[in-house]
Amino acid sequence: MRSEHPAITVARSPEQDGTPSATAVAHPNIALVKYWGKRDERLMLPWTDSLSMTLDVFPTTTRVRLGPAAGRDEATLDGAPATGEALRRITAFLELVREMSGSDRRAVVESRNTVPTGAGLASSASGFAALAVAAAAAYGLDLDATALSRLARRGSGSAARSVFGGFAVWHAGRDAGTAADADRCSYAEPVPTADIDPALVVAVVDAGPKSVSSREAMRRTVGTSPLYRPWAASSSQDLEEMRAALRRGDLAAVGEIAERNALGMHATMLAARPAVRYLSSATVTVLDCVLRLRRDGVPAYATMDAGPNVKVLCHRTDAERVAEAVRGAAPRASVLVAGPGHGARLLSEGT
């Protein structure tokens, strides 16, 4: 069995002038057993456990440099100043890190994100995983991978999984005891797998922002969809079956579980009042293509997050054939092949 634990050394990396600074990189993850809906939005605690694969594409690189205690935090995203909700979320996250470290110093955050933001491709997962690792280092926190996962979760739930490479499970935890107790028991960890060689063919049919944010869609689905609780119950069984399939190296079973779990999640959204509909005509075209591939003997299985874009799980040896089939079915889509990626990590300054 294989299980990847990231080697993360969290330590200050001073610039030449002695200012604490750190740079980290993280990759997005795609959930194969989904998390959808939070029972506590302040602590970012989900209703269900989830399981994902971290990708080797679309990295986010984030640098955190400490400044004086006075003033305010500053942040740039892809070279442009962060404003509004984006800046609020970064500042709130840095306040949490300052509370943990006992520091009152403000920070300058520079983040470059190669993930299309807001299109259901886990841009917040890679973003906050990188920010967690860089901020912890800059503020001198000595955190292991589990603690970093908890910290990343406070910025964006799915970021808890991007701390780890390969396959990871995020434990929803339980509400017994205090809020601190609930916080401690919700984190991600690597999932042991047999020697499998998976690929995800990512079909970006629409890279634009979603018409309904994930946060609003989750609230609406949990609050109004009659299908949500049955799906959440079945998702627990999906996760146990998925873990067993990974242990025995059964990629076809992994794909079957992932596809039914994703379709079920989107069904809960369609049943919300009013409905949340992310799937477009191009999405359905790609889903039909995946069905044809299976009829032709190619084990390929679809999954979708909060957005119209489709990811197709297959054997790496079949990835190019799957990618060509998807390009033929949806010529306007941007199609690329991803494999399992590394967990979040610090970079040497200047890298």
Side-chain angles (χ1 to χ4, degrees), residues 1-6 27-34 50-59 114-116 120-122 125-126 161-162 164-169 190-205 238-239 241-263 282-305 309-343:
M1 298 289 181
R2 294 185 303 174
S3 179
E4 181 181 354
H5 291 266
H27 290 78
N29 68 79
I30 297 300
L32 303 178
V33 175
K34 307 295 186 183
S50 57
L51 189 150
S52 66
M53 186 176 98
T54 298
L55 306 184
D56 59 0
V57 297
F58 296 142
T114 59
V115 189
L121 287 167
S126 58
R161 301 186 304 243
S162 278
F164 299 95
F167 294 93
V169 61
V191 174
T193 69
D195 288 326
I196 57 177
D197 196 16
L200 269 181
V201 176
V202 181
V204 181
V205 299
D238 286 344
L239 186 134
E241 294 182 17
M242 175 80 74
R243 296 189 72 158
L246 286 168
R247 284 195 297 269
R248 66 177 185 268
D250 188 345
L251 194 63
V254 170
E256 290 173 2
I257 298 163
E259 187 170 285
R260 77 190 186 205
N261 187 267
L263 290 172
T283 306
V284 176
T285 296
V286 176
L287 294 178
D288 288 343
C289 174
V290 172
L291 287 175
R292 287 194 297 273
L293 282 165
R294 288 211 294 270
R295 294 190 192 109
D296 292 340
V298 180
Y301 303 89
T303 185
M304 299 84 63
D305 291 308
N309 303 304
V310 184
K311 301 88 181 177
V312 186
L313 183 69
C314 62
H315 291 285
R316 191 179 292 271
T317 52
D318 293 323
E320 286 305 324
R321 179 177 176 182
V322 171
E324 285 305 310
V326 171
R327 290 186 185 104
R332 294 186 178 181
S334 174
V335 180
L336 61 92
V337 176
H342 294 290

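Computed from a prediction, not measured in an experiment: that's the story for all the values here. All residue numbers in this chain count up from 1 along the given sequence.
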Indicate yes or no: at least one non-hydrogen side-chain atom of Arg161 is less than 4.5 angstrom from one of Thr54. no
After noting the C-alpha distance and the side-chain angles of Lys311 and Asp305, does the key distance pass the salt bridge (Lys or Arg N to Asp or Glu O under 4.0 Å) rule? CA-CA 9 Å; Lys311 301 88 181 177; Asp305 291 308; 3.4 Å; yes
Report the residues that fulfil salt bridge (Lys or Arg N to Asp or Glu O under 4.0 Å) with Asp250, sequence neighbours left out, ordered by chain and then residue number. Arg248
Atom pair OG1 (Thr114) and NE2 (His27), whose distance is rounded to the nearest 0.5 Å: 7.5 Å
Return the minimal non-hydrogen interatomic distance between Asp56 and Pro340, and the atom names on each side. CB-O, 3.8 Å
Restricting to side-chain hydrogen bond (donor to acceptor under 3.5 Å, both in side chains), what partner residues turn up for Glu324, sequence neighbours left out? Arg327
Hey, does Cys314 have a side-chain heavy atom less than 4.5 Å from the side chain of Val201? yes
Here the side-chain hydrogen bond (donor to acceptor under 3.5 Å, both in side chains) pairs for residues 287-296, sequence neighbours left out, are Glu259-Arg294
Is Asn261 reaching over with its side chain to a backbone N or O of Lys34, donor-acceptor style, under 3.5 angstrom? yes
At what distance, to the nearest 0.5 angstrom, does OG1 of Thr193 lie from CZ of Arg247? 11.0 Å
Looking at every heavy atom in both Val169 and Val191, which two are closest together, and how far apart are they? N-CG2, 3.4 Å
Considering non-hydrogen atoms only, spot the tightest contact between Phe167 and Leu51 and give its length. CD2-CD2, 4.2 Å
Answer yes or no: is there a side-chain heavy-atom contact under 4.5 Å between Leu32 and Val254? yes
Who pairs with Arg316 by salt bridge (Lys or Arg N to Asp or Glu O under 4.0 Å), at least two apart in sequence or on another chain? Asp197
Residues in side-chain hydrogen bond (donor to acceptor under 3.5 Å, both in side chains) contact with Thr285, at least two apart in sequence or another chain: none
Considering only heavy atoms from C-beta outward, does the side chain of Met304 approach that of Leu287 to under 4.5 Å? yes
Tell me the closest heavy-atom pair linking Ala31 and Thr303, and the distance in Å. O-OG1, 3.7 Å
Donor-acceptor check, side chain of Asn309 to backbone of Val205, threshold 3.5 angstrom: yes or no? yes
Scanning both residues in full, the closest heavy-atom pair of Ala330 with Val286 reads CB-CG2, 4.0 Å
Provide the closest heavy-atom pair for Val290 versus Ala302 in the form atom of the first, atom of the second, distance. CG1-N, 4.0 Å
